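First the structure, in the form of structure tokens, and then the observations on it.
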Amino acid sequence: MRRFYSPVQAGHAPMHELHNGAFTDYAEKPSRAQAILDAIGGAEQPHDHGVGAIEAVHDAGYLAFLRDAARLWEEAGRPGQAIPYAFPIVGRRPLALSRIDALLGRYSFDATTPLTRETWRAGYGSAQSALAATQAVLGGERAAFALCRPPGHHAGRDYCGGYCHINVAAVAAQAARDAGVARVAVLDIDYHHGNGTQDIFWQRGDVFYASLHADPATDYPFFWGHADEVGEDEGHGATLNLPLPQGTRIDAFRAAQATALAAIARFGAQLLVVSFGADTWEGDPISRFRLTTDDYPLLAADIAALGMPTAIVMEGGYAIDALGTNVTAFLSGF
Ligand SMILES: [Zn+2]
């Protein structure tokens, strides 16, 4: 299977994040990508497909903010990292914001996602890896893997959060649409709900979004991913949320995935994007499912049995010592 990764993706390396009321080590480290690279035996560097595919799913003002935030933060004389602390919770008036603190609140939905001088370049590289995998399957490959890091599924059209800045799954799905694939599906099997992907395609009838994730009643991102969220307008019925309780093991997870795959087949998708997170693993430090390494080939084989061209993009997974093994196990199922 062809695999893609750009070295610029390692540049985004925040020192710490706000977690449980204190600063802790930033969990979404560059060493995650290195661990996966080592395990899969390297990857091709993606060609630069340009910024157009990113602009197709993200707001122009938001992308400018991603490019400028760290510089504005430094110019304001701030120590530490660019982290928001004030959010426009009462609604978004169309204000012309310029102060960096206001911009951070406007374009973020949480305080766990610091922006650095390298964030834009790393996110851009991550999106290029996703585009390269998409091009590979459009060109006839059965499946391809994009080692996306930073991940993407929490990033919406005009917001970052959850370690995510550019929604690589959405970039891939939209690129497939723009290449002429009439119906595309995204299957999200990260531990967390992919709120950004859901939001981007919420009103769209041409891209199906199905997600298995920890119940947002107990788990981040809390405000999205409930079972009654099904999309709106032309997208009504094109979003499927399958929340699962903490402690979920393979049998229940696999059954839920079968439900999602059946829905994707009924939808008539012609290309599949898989948002794969290894944070469903039993030893993940920030998650609470109980999947084992041996479970991943089973899940992958069930997906492969759909017989659909499949671009796999990496999302979460924070047990770094086991990450390479778990990703390799998943890819082996194809
Ligand atoms: Zn996750």
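This is a predicted model, so every value here is computed, not measured. In each ligand, atom 1 is the first atom listed, and ligand 1 is the first ligand listed.
The Zn ion (ligand 1) forms the vertex of an angle spanning ND1 of H192 and OD2 of D279; to the nearest 10 degrees it equals 100°.
Relative orientation of the H49 and H47 rings is perpendicular, given thresholds of 30° and 60° on the angle between their planes. The aromatic rings of H165 and H12 stand perpendicular to each other, their planes meeting at an angle above 60°, with 30° marking the opposite boundary.
Among the backbone and side-chain atoms of D190, an N, O or S atom lies under 2.8 Å from the Zn ion (ligand 1). Metal site remark for the Zn ion (ligand 1): H153 contributes no N, O or S atom at a distance under 2.8 Å.
By the side chain to side chain contact (heavy atoms under 4.5 Å, CB included) test, A13 pairs with P30, sequence neighbours left out.
Between R149 and E28 there is a salt bridge, since at least one side-chain N of the basic residue sits less than 4.0 Å from a carboxylate O of the acidic one.
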